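Worksheet: the structure to be examined is printed underneath.
This structure is a prediction, so every number in the text was calculated from the model and none was measured.
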Amino acid sequence: MATPTKPKRRARIVAGSAKAAVDSVIYLDDRLPFARWLRPQLRKLFPSHWTFLLGELALYSFALLVLTGTFLTLFYKPHPGVAFASATEISLDVRGGLLMRQLHHWSATVFVLAIVAHLCRVFFTGAFRRPRELTWMLGVVLFGLVLFESFLGVSLPGDQLAMTGLREAHGLLLSIPLVGTYLAAFAFDGGFPGQVIPRVFVTHVLLVPGILMAVVPLHALVLTWRQKHTERRATAADEHRVTGGPFFPYFAVKNGATALFTMAAIAALATFVRVNPVWEHGPYRAGGYVPSAQPFWYFGVLDGAQRLVPPWEITIGGYVLQPGLWIPPLVLTVFFGVLLLYPFIERRFTGDGDHHHLLDRPSQVPVRTALGVAVIAFFAVSWAGTWVSEASPRMHSAPGFPQPAQAPGALLTVPHDTYTTVVAGLRAAVFVVPVVAFLITRAVCRRRAG
């Protein structure tokens, strides 16, 4: 007869840990009925097409953005006199600081790109229609907040490039009639630069991220989870059929792979592509040359539009008004207003108030698709205004004084006459190209639908 052997210590620990885990789960489930709520959530169906993961791509970029921003906050000193030195120290002296800065930058860039791609997917397929109007509106609010947050983040290093952008914002506020001086004084605590760096820091680190932390889960989790997901016409024949895979394990595995892919791609960009070398730009000097740099594409739209608007001036009662400075921000404000209310605007013109879970093919809605392409063409032409710069005139000093440093060459500099011709052509194109794009897109969609 064999004598039973005593289990080994490792096996006893494993068995005891498993029993303790099971007992803890049972204990919690008796008091908080997680299983009753969790079981149907884990079986909820999610779509399988890759375009539905664009929102997840933005979500994981945002998560990496928060993590790297937390690291940078521990070392950054938000004071006008030391902001540049602090950013340089993080880049060159703090171990891993430059990698963290570049991870933060590329996370923000991928975040914005993913939001734009996700927004286009939802718009062109009609996924914003009833009952998803609130989800769409929250997404538009997120888009605006993220653009504003990106501008604040670029301004924090306090170098010549960053402060030049803030100086333009200060001048834009001052140009607003009646309330401009009050707005500029409130934002900058007096004259430029004032205490703008601490205020930008608080807004960038606390205010806007706090709003994003509240809106992102509401948009991406709460409303999306409570609603049936939209269906592609290739996989569903009617509005009420639900297809896809369960959240666990199907969609959870896809989400995990998407998270790993997103963070790996951002890490590769941060490792091999250098961006914003503030130590080469130098600290801010009033009247100093702006470093040669191409604005980010989402800032370049506004910057390019400012270049294309003529320098109009109107004198009223001894006050000089500059409406040319207001036109691009007003156009952008109108765009966001229309975008925010677009589900209701389309419903008003089409009279379609039904619930929709089946996505449109872009060719089936020629007017909506043509409008989207026309808007993209308009902003592309506006952005093109930043691609070409006029060669700076050579500066000379009086005899006996040192010669001033010449302005750095831009990415694409042309003579004055050529630059004037390019600007005139873009001013005409900003009106012509969107109309042509609308007509061509509508004709193509109608031909394909027919």
Inset, instruction - Measure up the H219 and H118 rings against each other and bin them: parallel (under 30°), tilted (30 to 60°), perpendicular (over 60°). - result: perpendicular
If I compare all heavy atoms of [X] with all of [Y], which pair ends up nearest, and what's the gap?
X	Y	value
P328	G324	CD-O, 3.4 Å
L72	G97	CD2-O, 4.4 Å
L173	F188	CD1-CE1, 4.0 Å
F438	A374	CB-CB, 4.0 Å
W279	S91	CZ3-CB, 3.6 Å
A169	F151	CB-CZ, 4.2 Å

Inset, instruction - Check side-chain hydrogen bond (donor to acceptor under 3.5 Å, both in side chains) between R95 and all other residues, then give those that pass, not counting sequence neighbours. - result: none
Counting heavy atoms not belonging to [X], are there more than 12 under 6.0 Å from its [atom1]?
X	atom1	result
R130	CZ	yes
F75	CZ	yes
F344	CZ	yes

Inset, instruction - Report the C-alpha distance between S175 and W326 in whole Å, list the side-chain angles of each, state the deciding distance to 0.1 Å, and finish with yes or no for side-chain hydrogen bond (donor to acceptor under 3.5 Å, both in side chains). - result: CA-CA 8 Å; S175 69; W326 314 332; 3.2 Å; yes
Inset, instruction - State plainly whether the residues E89 and K77 are in salt-bridge range, i.e. N to O under 4.0 Å. - result: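 Salt bridge flag = yes for K77 with E89.
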Legend entry - Residues R274 and E280 bridged, charged N to O under 4.0 Å: yes
Inset, instruction - Check step by step if side chain to side chain contact (heavy atoms under 4.5 Å, CB included) holds for L145 and V141. - result: CA-CA 6 Å; L145 285 173; V141 171; 4.0 Å; yes
Legend entry - Pair R101-H104, side-chain hydrogen bond (donor to acceptor under 3.5 Å, both in side chains): steps then yes or no: CA-CA 5 Å; R101 274 196 64 225; H104 194 68; over 6 Å; no
Inset, instruction - Using atom types as modelled and distance alone, determine if a side-chain donor or acceptor of T369 lies under 3.5 Å from a backbone N or O of P362. - result: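 Yes, the answer is positive, given that a donor and an acceptor are paired below the 3.5 Å cut-off.
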Legend entry - Geometric cation-pi criterion R121 and F52, 6.0 Å radius, 45° cone: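 Yes - R121 lies over the ring of F52, closer than 6.0 Å to its centre and within 45° of its axis.
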Legend entry - Rounded distance [0.5 Å steps], CD in E149 versus CD1 in I211: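 It is 9.5 Å, given to the nearest 0.5 Å.
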Taking the six-membered ring for Trp, are [X] and [Y] closer than 6.0 Å centroid to centroid?
X	Y	value
F192	Y284	yes
F335	F378	no
F123	Y342	yes

Legend entry - Verdict with reasoning, N276 to D159, per side chain to side chain contact (heavy atoms under 4.5 Å, CB included): CA-CA 10 Å; N276 198 12; D159 60 332; 4.1 Å; yes
Inset, instruction - Have a look at H356 and tell me which of D352, D360, D354 forms a side chain to side chain donor-acceptor pair (under 3.5 Å) with it. - result: D352
Inset, instruction - Please tell me if the side chains of L371 and R442 come closer than 4.5 Å, counting only heavy atoms from C-beta onward. - result: no
